[in-house]
Amino acid sequence: MGRRILNDALRAIVNAERRGKATVELQPISTVMSSFLNIMKYRGYIKDFQVYDPHRVGKINVELLGRVNDCRALTYRQDVKAREIEGYTHRALPTRQWGYVVITTPDGVLDHEEAIKRNVGGQVLGYFH
């Protein structure tokens with residue numbers, strides 16, 4: 001169920017970007033979604049986001065920059081080892097110069113560059129570029 005929520009939220013972001021919207025509201029929310037958005041914010045793909053009422057259903061307002069071309073969550077679990085991350089990114093992303101694969105690891109939710117630095121593997125949550 002959690003990956004379906006993440007996938008719906010990421011598709012809402014892509015659709016809002018394509019329509020030229022400045023903000024998008026995501027509902028329902030999860031902690032994995034806020035971690036994914038944190039990585040997108042750190043890498044400069046979204047401007048900012050605010051979480052409202054996280055104890056109930058909650059909602060997240062995301063301020064967009066217009067940089068997201070595509071972002072998806074994988075609805076199936078795909079394990080990736082630390083030494084296989086580089087090969088996976090070549091298959092999932094259109095080019096080496098931009099885009100990130102987000103992986104949930106024992107160290108938390110990381111993008112592929114940080115996971116390679118820390119030499120940890122995990123399960124692929126999704127990607128954005």
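Everything quoted here is computed from the prediction, not taken from an experiment. In what follows, every heavy atom counts, from backbone to side chain, and hydrogens, waters and symmetry copies are set aside. For the single chain, residues carry numbers from 1 onward in sequence order.
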Student: How close do Ala82 and Asn119 get, heavy atom to heavy atom, and via which atoms?
Tutor: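 Of all heavy-atom pairs spanning Ala82 and Asn119, the closest is CB-OD1, 3.3 Å.
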Student: Any heavy-atom pair between the side chains of Val109 and Asn38 that's under 4.5 Å?
Tutor: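 The answer is no, as the side chains (C-beta and beyond) never meet within the 4.5 Å cut-off.
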Student: Going hydrophobic residue to hydrophobic residue with side-chain gaps under 4.5 angstrom, can you get from Ile46 over to Trp98?
Tutor: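 Yes, one cluster joins them.
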Student: Should Arg118 and Glu114 be marked as a salt bridge (charged side-chain N to carboxylate O under 4.0 Å, His left out) after you check the CA-CA gap, both sets of side-chain angles, and the distance that decides it?
Tutor: CA-CA 6 Å; Arg118 295 185 186 189; Glu114 192 68 29; 3.3 Å; yes
Student: Within the structure provided, determine whether Glu25 and Gln27 are in side-chain contact (heavy-atom separation under 4.5 Å).
Tutor: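 Side-chain contact under 4.5 Å: yes.
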Student: With the 4.5 Å side-chain cut-off for hydrophobic clustering, are Ile39 and Val101 part of the same group?
Tutor: no
Student: Just do the side chain to side chain contact (heavy atoms under 4.5 Å, CB included) check on Phe49 and Asn61 with the steps written out, would you?
Tutor: CA-CA 5 Å; Phe49 67 96; Asn61 283 339; over 6 Å; no
Student: Taking only residues two or more places apart in sequence or in another chain, which ones pass side-chain contact (heavy atoms from CB on, under 4.5 Å) with Glu63?
Tutor: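 For Glu63 the side-chain contact (heavy atoms from CB on, under 4.5 Å) partners, ignoring immediate neighbours, are Thr23, Lys47, Asp48, Gln50.
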Student: If I compare all heavy atoms of Pro106 with all of Gly121, which pair ends up nearest, and what's the gap?
Tutor: CD-O, 3.6 Å
Student: Fit a plane to each ring of Tyr45 and Phe128, take the angle between them on a 0 to 90° scale, and name the class: parallel (under 30°), tilted (30 to 60°) or perpendicular (over 60°).
Tutor: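 Tyr45 vs Phe128 ring planes: perpendicular.
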Student: Under a 4.5 Å cut-off applied to non-hydrogen side-chain atoms, are Leu26 and Asp8 in contact?
Tutor: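 SC-SC contact between Leu26 and Asp8 ruled out.
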Student: Thinking salt bridges, do Asp70 and Arg11 make one under a 4.0 Å N-O criterion?
Tutor: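 So Asp70 pairs with Arg11 through a salt bridge.
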Student: Can you give me the closest heavy-atom contact between Tyr127 and Leu93, atom names plus distance?
Tutor: CB-CD2, 4.1 Å
Student: At their closest point, which heavy atom of Met33 faces which heavy atom of Leu6, and how far apart are they?
Tutor: CA-CD1, 3.9 Å
Student: Are Ile5 and Val32 connected in a single hydrophobic cluster, I mean Ile/Leu/Val/Met/Phe/Trp/Tyr linked by side-chain heavy atoms less than 4.5 Å apart?
Tutor: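 Yes.
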Student: Do Ile13 and Val24 have side chains that approach each other closer than 4.5 Å (heavy atoms only, starting at C-beta)?
Tutor: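 Side chain of Ile13 against side chain of Val24, heavy atoms only: contact under 4.5 Å found.
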Student: Would a single hydrophobic cluster contain both Leu64 and Phe36, if residues Ile, Leu, Val, Met, Phe, Trp and Tyr are joined by side-chain heavy-atom contacts under 4.5 Å?
Tutor: yes
Student: Any salt bridge linking Glu113 with Lys117? Criterion: basic side-chain nitrogen under 4.0 Å from a carboxylate oxygen.
Tutor: no
Student: Counting C-beta onward and ignoring hydrogens, is there a side-chain heavy-atom pair between Arg43 and Asp111 closer than 4.5 Å?
Tutor: yes
Student: Do Val120 and Leu110 come close enough that some side-chain heavy atom pair is under 4.5 Å?
Tutor: yes
Student: Within a strict 4.5 Å, meaning less than it, do heavy atoms of the Leu10 and Val14 side chains meet?
Tutor: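 A side-chain contact under 4.5 Å is absent here.
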Student: Give the minimum heavy-atom separation between Gln123 and Asp79, together with the two atoms involved.
Tutor: CG-OD1, 2.9 Å
Student: Which value, rounded to the nearest 0.5 Å, describes the distance between Glu17 atom CD and Cys71 atom SG?
Tutor: 8.0 Å
Student: What are the two closest heavy atoms between Ile85 and Ala115, and how far apart are they?
Tutor: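 Taking Ile85 first and Ala115 second, the nearest heavy atoms are CD1-CB, 3.8 Å.
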Student: Please report the interatomic distance CG(Asn7) to CZ(Arg72), rounded to the nearest 0.5 Å.
Tutor: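 Going from CG on Asn7 over to CZ on Arg72, the span is 8.0 Å.
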Student: Cluster question for you: counting only ILVMFWY and a side-chain heavy-atom cut-off of under 4.5 Å, with indirect links fine, are Val102 and Tyr88 together?
Tutor: no
Student: May I ask you to check whether His112 and Tyr100 place their ring centers less than 6.0 Å from one another?
Tutor: yes
Student: Hey, does Leu125 have a side-chain heavy atom less than 4.5 Å from the side chain of Ile103?
Tutor: no
